[in-house]
4 protein chains.
Amino acid sequence: MLNVGVIGCGGMGRDHISRLTNKIQGAQVVAVCDVFEESAKKAASICNAKVYTDEKLLINDPDVDAVFIVSPGFAHVEALLEAIQAGKRIFCEKPLCTTAEDCLKVVQAEVASGKHLIQLGFMRRYDVGYAKVKEALLSGEYGEPLMLHCTHRNPEVGTNYNTPMAVHDTAIHEIDVLHWLVDDEYESAQVIMPRVTKYSHSELKDPQIMLLRTKKGVCIDVEVFVNCKFGYDINCEVVCEDGAIKMPMATVYPTIRKNASVSTTIDTDCFVRFKDAYDAEVQAWVDDAAKGEINGPNAWDGYLAAITADALVKAQQTGAIEKINAAVEKPDFYNK
Amino acid sequence: MLNVGVIGCGGMGRDHISRLTNKIQGAQVVAVCDVFEESAKKAASICNAKVYTDEKLLINDPDVDAVFIVSPGFAHVEALLEAIQAGKRIFCEKPLCTTAEDCLKVVQAEVASGKHLIQLGFMRRYDVGYAKVKEALLSGEYGEPLMLHCTHRNPEVGTNYNTPMAVHDTAIHEIDVLHWLVDDEYESAQVIMPRVTKYSHSELKDPQIMLLRTKKGVCIDVEVFVNCKFGYDINCEVVCEDGAIKMPMATVYPTIRKNASVSTTIDTDCFVRFKDAYDAEVQAWVDDAAKGEINGPNAWDGYLAAITADALVKAQQTGAIEKINAAVEKPDFYNK
Amino acid sequence: MLNVGVIGCGGMGRDHISRLTNKIQGAQVVAVCDVFEESAKKAASICNAKVYTDEKLLINDPDVDAVFIVSPGFAHVEALLEAIQAGKRIFCEKPLCTTAEDCLKVVQAEVASGKHLIQLGFMRRYDVGYAKVKEALLSGEYGEPLMLHCTHRNPEVGTNYNTPMAVHDTAIHEIDVLHWLVDDEYESAQVIMPRVTKYSHSELKDPQIMLLRTKKGVCIDVEVFVNCKFGYDINCEVVCEDGAIKMPMATVYPTIRKNASVSTTIDTDCFVRFKDAYDAEVQAWVDDAAKGEINGPNAWDGYLAAITADALVKAQQTGAIEKINAAVEKPDFYNK
Amino acid sequence: MLNVGVIGCGGMGRDHISRLTNKIQGAQVVAVCDVFEESAKKAASICNAKVYTDEKLLINDPDVDAVFIVSPGFAHVEALLEAIQAGKRIFCEKPLCTTAEDCLKVVQAEVASGKHLIQLGFMRRYDVGYAKVKEALLSGEYGEPLMLHCTHRNPEVGTNYNTPMAVHDTAIHEIDVLHWLVDDEYESAQVIMPRVTKYSHSELKDPQIMLLRTKKGVCIDVEVFVNCKFGYDINCEVVCEDGAIKMPMATVYPTIRKNASVSTTIDTDCFVRFKDAYDAEVQAWVDDAAKGEINGPNAWDGYLAAITADALVKAQQTGAIEKINAAVEKPDFYNK
Ligand SMILES: NC(=O)c1ccc[n+]([C@@H]2O[C@H](COP(=O)([O-])OP(=O)(O)OC[C@H]3O[C@@H](n4cnc5c(N)ncnc54)[C@H](O)[C@@H]3O)[C@@H](O)[C@H]2O)c1
Ligand SMILES: NC(=O)c1ccc[n+]([C@@H]2O[C@H](COP(=O)([O-])OP(=O)(O)OC[C@H]3O[C@@H](n4cnc5c(N)ncnc54)[C@H](O)[C@@H]3O)[C@@H](O)[C@H]2O)c1
Ligand SMILES: NC(=O)c1ccc[n+]([C@@H]2O[C@H](COP(=O)([O-])OP(=O)(O)OC[C@H]3O[C@@H](n4cnc5c(N)ncnc54)[C@H](O)[C@@H]3O)[C@@H](O)[C@H]2O)c1
Ligand SMILES: NC(=O)c1ccc[n+]([C@@H]2O[C@H](COP(=O)([O-])OP(=O)(O)OC[C@H]3O[C@@H](n4cnc5c(N)ncnc54)[C@H](O)[C@@H]3O)[C@@H](O)[C@H]2O)c1
């Protein structure tokens with residue numbers, strides 16, 4: 001039984017606490033922490049856990065085997081460094097940290113610790129759709145991947161959502177999952193800005209087409225359209241030398257004949273679309289903990305995501321093709 | 001150039017006259033006939049043809065090479081016998097005749113004439129969907145057909161449409177096309193009467209499930225639902241020993257993402273759904289005329305359709321499995 | 001924590017033991033029983049439980065809160081009666097019992113006990129596909145159901161599989177799930193025997209078309225084809241007054257473009273197809289236990305399945321439409 | 001009856017001669033011309049026409065009402081100028097001419113003639129799939145188009161096919177049809193070069209992603225992959241403010257269940273995929289001739305295609321975003 005301490009009891013924190021309590025085998029929440037005691041208490045009531053308002057105390061509580069970080073991104077770095085020092089196993093919601101520099105610090109601290117401790121909350125790798133595409137790619141039946149055509153469409157966003165958030169809050173999931181899918185790293189980024197939808201506002205260019213090139217030359221286009229109105233519509237097609245592989249829609253919905261049309265429902269909510277993936281990522285982390293392994297997205301992936309996001313945000317402004325260069329070579333520690 | 005005389009200038013007659021005039025290569029309408037002179041004149045204006053009110057005169061006009069019968073079913077028998085006697089090539093809209101007895105008379109007259117003259121207007125055999133299924137069956141790749149699951153759905157019918165018309169006016173197309181598809185003849189018929197839709201009326205049991213068994217033991221179910229509301233929805237799946245083959249929907253319609261759904265249009269009109277099939281059947285008849293051949297549905301098929309329809313109407317009343325027996329053996333004349 | 005004792009440690013028994021141990025929240029296996037001690041011991045090693053060879057001892061063990069019956073169908077009746085008497089909560093794999101008489105005995109014993117104790121292992125009700133169809137039906141948007149078109153196709157069976165097993169081992173799942181789907185009971189049954197596939201043998205008529213009519217007049221056809229070769233292919237379309245609803249294929253598989261075709265995988269194994277349903281039925285039973293409820297298929301459903309199966313087997317032999325009559329009225333106990 | 005003279009009796013020329021002779025209503029081929037007399041004679045035998053080896057003589061033959069140019073692209077300009085001067089109606093296979101300068105000369109000659117004479121052979125505008133997408137766009141139901149995602153995939157090409165041909169011979173069809181679809185003109189072009197497939201050769205970068213931006217800001221990506229191996233796979237999705245519209249695949253093919261998969265055929269031949277479009281474009285030209293109109297792609301479209309192709313070829317080399325500027329303003333003559 002893995003005894004987990006959860007830091008950050010907002011929407012996502014409570015969601016993970018319920019998950020750990022009601023769905024996951026082999027783990028239990030023994031402590032929760034929020035800077036607002038009220039929030040921590042409310043969360044503690046789900047799982048009957050100790051309440052903290054100082055994450056350092058939770059991290060160093062000897063009853064806590066593992067730390068689950070669900071505070072806002074800016075708060076991750078401190079919690080991560082503390083937990084690494086304490087030698088605790090860590091699940092950290094995305095992003096690893098909000099700057100590439102901080103990500104690198106965390107990477108270096110983990111390497112220095114000599115132990116694989118951190119799994120990052122990029123849940124899409126645990127979606128059965130992506131997993132089956134990866135399986136097909138690994139089968140060798142389709143040759144090398146050459147191009148990926150993807151969409152990340154979302155019904156609508158609030159007025160506080162602005163142009164860079166299309167990278168940091170939305171495309172960030174593609175950034176992680178796509179390079180994993182083709183087992184490669186990114187080399188450059190470009191962003192194309194089409195005509196803006198009437199449903200957007202002055203601070204948001206919506207939609208955008210993000211272009212990524214990997215080191216092996218795979219070219220990726222991702223349509224990011226956060227006010228598409230019609231649904232939460234995630235697509236991914238991998239075009240290979242010997243065939244093209246398209247991720248299935250998550251069709252648990254019936255096909256309806258009515259009013260001169262045949263139709264199927266599209267999800268409108270990312271938490272519905274990736275429901276099973278969230279469960280699977282946490283279960284995998286718990287299962288891997290028992291073996292002392294990290295098989296999901298790790299701190300290095302978090303660093304790569306950060307530098308890629310930086311390049312995309314720069315490309316949003318320059319309109320040019322921006323290079324993506326890691327400041328250090330990939331530590332051998334992360335090569336399996 | 002095949003000089004055609006058209007008998008019957010109602011809705012379908014005018015439709016065929018336009019077709020022969022504007023779309024078909026190698027034929028022209030030189031004479032038209034309707035018992036109502038007005039109707040004939042109106043039709044003649046489409047194609048600049050002679051006007052008759054007596055079909056016998058049209059049939060025997062030496063300028064007429066071929067007779068195209070589009071009068072109501074009850075009027076077909078007389079025109080057919082006259083045209084056979086005149087040795088003219090014939091296209092006859094379905095049904096051949098309204099009774100099995102009359103159909104047999106026509107069959108016998110054609111056999112006696114020694115010439116293959118009659119093609120019957122069962123246009124579905126010329127639909128590219130059915131044709132591709134037949135092609136697949138003939139490829140041998142799927143083994144023997146064992147079962148057919150079909151639907152004949154129609155948005156709605158008028159209040160004059162009654163229970164037997166579900167056979168005579170609706171299922172009649174399946175009766176012809178399905179035995180052709182599997183190259184077989186029918187042995188027995190049954191009709192199942194489900195709960196009646198609220199959109200029907202006292203004289204019409206709607207929907208119905210019609211069951212047919214062929215001599216080789218292929219079992220066919222056809223859902224006939226004429227007030228299904230949602231569309232004109234024709235489906236046909238052939239389950240074979242080594243695979244199942246489903247006729248494509250005639251999807252010339254885009255796939256639309258809107259309002260949390262992905263949808264495609266279903267046709268609502270049989271004349272739209274089988275538009276190309278009507279053109280193709282007439283073109284094939286014209287082309288075959290030049291070779292003195294009939295390769296489409298022939299008079300014997302018309303007779304089989306009549307006895308099958310009779311058995312289904314009987315089965316509607318008895319609820320029992322009704323045998324389908326031809327009164328005579330298939331004349332060798334119709335075996336190729 | 002529900003302490004479960006499992007009776008029957010064959011293939012399915014061990015599967016449920018793993019499930020209860022590794023996937024289900026709120027339950028644990030504390031005792032296992034098999035007439036073969038070896039089998040029981042092997043199973044016990046999965047979950048670290050007491051070993052019995054006499055089911056009566058297991059049932060009456062005070063450490064056992066709930067009894068999970070996974071012995072062969074013929075052995076269910078004794079275990080059920082004993083467990084009812086002991087007042088234990090029960091999960092019983094399908095079938096309830098192998099004869100309608102025994103089923104009725106169990107029903108009456110449960111009613112006499114005054115407690116809802118038995119959930120039956122018809123897992124399809126917990127499949128997300130069926131659940132979404134049911135949801136659509138309950139929405140009222142489609143009016144009343146009129147017809148169901150279903151297939152139960154299976155790649156192949158062994159030579160010991162014979163004609164009645166098409167009912168007892170295969171269609172039995174449709175028998176339960178379809179009347180639940182339309183919230184109705186069956187009135188009559190018929191079986192149609194098409195031409196036999198070359199892959200069958202003398203004791204097995206394969207495929208078969210099973211026809212069921214419900215009391216409200218819903219007409220159901222189920223193609224049962226156990227040597228269809230191509231896959232485990234479960235389909236269900238409900239045709240209603242205001243639209244038709246087709247269950248989704250369980251498509252977690254990518255769409256592949258290769259060799260001039262676009263294709264998707266069909267499952268070939270029922271345990272893969274209904275993987276999640278097995279987990280969900282057991283979790284629901286555990287969750288309901290805490291509330292003292294049975295919301296899944298109950299003993300009365302088991303009785304209905306038995307008399308329906310009997311009628312279908314008779315219909316296989318007679319070729320006639322066979323009535324389905326319960327020997328007693330539905331006890332009020334089972335009406336919610 | 002439109003009397004047509006055909007110039008160029010190669011593969012495509014003979015194809016059009018058969019079409020005009022056997023499928024098209026209201027036209028006949030009265031003269032054919034090829035620089036090789038043998039070729040002209042062979043073609044003449046299809047349609048029983050006069051034979052020329054000098055296109056000028058054919059063009060000025062008073063029996064010829066309309067000139068159909070199917071010589072190689074480089075030979076179009078002379079024939080076009082001669083035919084304009086003769087005041088003959090013209091169908092010219094794509095490209096209008098091989099240089100933008102020549103295209104402009106032809107445009108100016110047509111404008112000077114004061115008569116709309118030239119239809120260009122971009123047949124995709126007559127494909128029912130594109131036509132239905134255009135219809136949807138014009139309905140206003142989906143708001144303004146923002147992005148187009150397209151593929152032009154082809155099974156394989158010969159070794160003489162090189163990088164610029166991906167523009168001139170392949171993407172040229174998208175260049176014409178896409179700006180027509182969204183009723184807009186192009187502003188700039190970019191080409192992205194992914195990793196090259198193992199099936200390509202040193203002179204051909206395959207695949208390529210071509211990016212076009214229109215004056216209204218619509219952003220288009222076209223995957224051009226001419227050795228994709230699996231099929232001739234043309235896709236086009238238009239993402240609008242209020243919904244996304246995807247062109248239907250031309251599915252006349254059945255859905256097959258076999259070998260654990262459900263599949264449908266993809267075409268492998270562009271002449272099969274666009275069969276009906278070729279017929280429709282020529283029929284429309286003949287029908288419009290009677291009215292003295294050109295409603296299909298015209299000389300100005302031919303000029304736009306030329307400058308767009310030039311920009312794409314330049315972009316293939318530079319990797320940069322290249323402007324697309326017409327040398328002259330669109331003559332009012334071409335605005336309807
Ligand atoms: N993987 C996904 O799809 C996904 C989805 C949503 C959110 N997230 C991530 O989850 C994290 C939390 O998101 P959220 O939506 O719950 O945010 P939130 O703002 O609703 O909640 C964050 C909570 O953390 C608390 N907090 C802040 N600093 C803290 C600290 N130092 N110590 C303890 N508590 C602290 C806040 O008081 C708040 O209650 C973010 O990193 C976000 O990116 C991931
Ligand atoms: N294949 C199909 O899908 C399809 C579809 C519709 C109709 N049809 C068939 O086409 C035929 C005509 O149908 P319709 O809808 O045009 O009917 P309609 O009643 O509209 O027209 C029939 C016309 O024939 C005329 N007529 C009647 N007796 C005549 C006679 N002895 N000589 C000359 N004219 C005569 C009538 O005055 C009328 O104008 C029928 O056989 C019908 O079953 C086939
Ligand atoms: N819901 C489904 O989809 C599904 C699938 C497979 C099996 N089943 C059901 O599960 C049950 C078991 O099937 P199986 O395939 O595991 O059979 P099995 O024959 O492999 O296993 C049955 C086991 O029960 C033992 N047993 C027999 N009588 C016993 C008794 N009185 N007490 C204790 N143990 C006894 C046997 O020794 C054997 O080990 C059956 O009722 C079957 O219908 C359901
Ligand atoms: N729309 C399409 O999809 C499509 C497809 C294929 C070809 N095409 C176009 O059709 C045209 C012809 O292509 P093709 O494949 O038939 O080429 P081809 O080389 O097979 O045939 C061209 C013929 O024109 C003859 N010719 C050359 N110069 C001539 C002249 N001045 N006068 C008379 N004849 C002359 C040649 O001898 C040859 O027989 C080209 O413009 C090509 O781009 C269009």
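Numbered from 1 within each chain, the chains take letters A, B, ... in sequence-line order.
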Roughly how far apart are [X] [atom1] and [Y] [atom2], rounded to 0.5 Å?
X        : Y        : atom1 : atom2 : result
D:Asn295 : D:His116 : CG    : NE2   : 10.0 Å
B:Asp184 : B:Ile220 : CG    : CD1   : 8.0 Å
B:Asn48  : B:Thr21  : CG    : OG1   : 9.5 Å
B:Leu181 : B:Leu138 : CG    : CG    : 9.0 Å
B:His16  : B:Ile24  : NE2   : CD1   : 10.0 Å
D:Asp301 : D:Glu185 : CG    : CD    : 8.5 Å

Taking every heavy-atom pair that is under 4.5 Å apart, which of B:Glu141, B:Lys132, B:Gln25 has the most such pairs with chain D?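 Between B:Glu141, B:Lys132, B:Gln25, the count favours B:Gln25.
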Begin with the C-alpha distance, continue with both residues' side-chain angles, and end with the deciding distance and a verdict on side chain to side chain contact (heavy atoms under 4.5 Å, CB included) for D:His173 and D:Phe122. CA-CA 7 Å; D:His173 287 288; D:Phe122 285 126; 4.0 Å; yes
Exceeds 12 heavy-atom contacts within 6.0 angstrom, atom NZ of D:Lys216: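 Counting neighbours around NZ of D:Lys216, more than 12 heavy atoms of other residues, nucleotides or ligands fall under 6.0 Å, so yes.
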Take atom NZ in B:Lys50; do more than 12 heavy atoms of anything else shown fall under 6.0 Å from it?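 Yes, enclosed.
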Salt bridge (Lys or Arg N to Asp or Glu O under 4.0 Å), that's the test. Do B:Asp176 and B:Arg125 meet it? Break it down for me. CA-CA 8 Å; B:Asp176 181 68; B:Arg125 298 193 187 190; 2.8 Å; yes
Which residues in residues 256-290 of chain B have a heavy atom less than 4.5 Å from any heavy atom of chain D?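 So far as heavy atoms go, B:Ile256, B:Arg257, B:Lys258 are the residues that approach chain D to under 4.5 Å.
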Sort by residue number and list every residue of residues 232-249 of chain D having at least one heavy atom under 4.5 Å from chain B.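 Listed by number, the contacting residues are D:Glu237, D:Asp242, D:Gly243, D:Ala244, D:Ile245, D:Lys246, D:Pro248, D:Met249.
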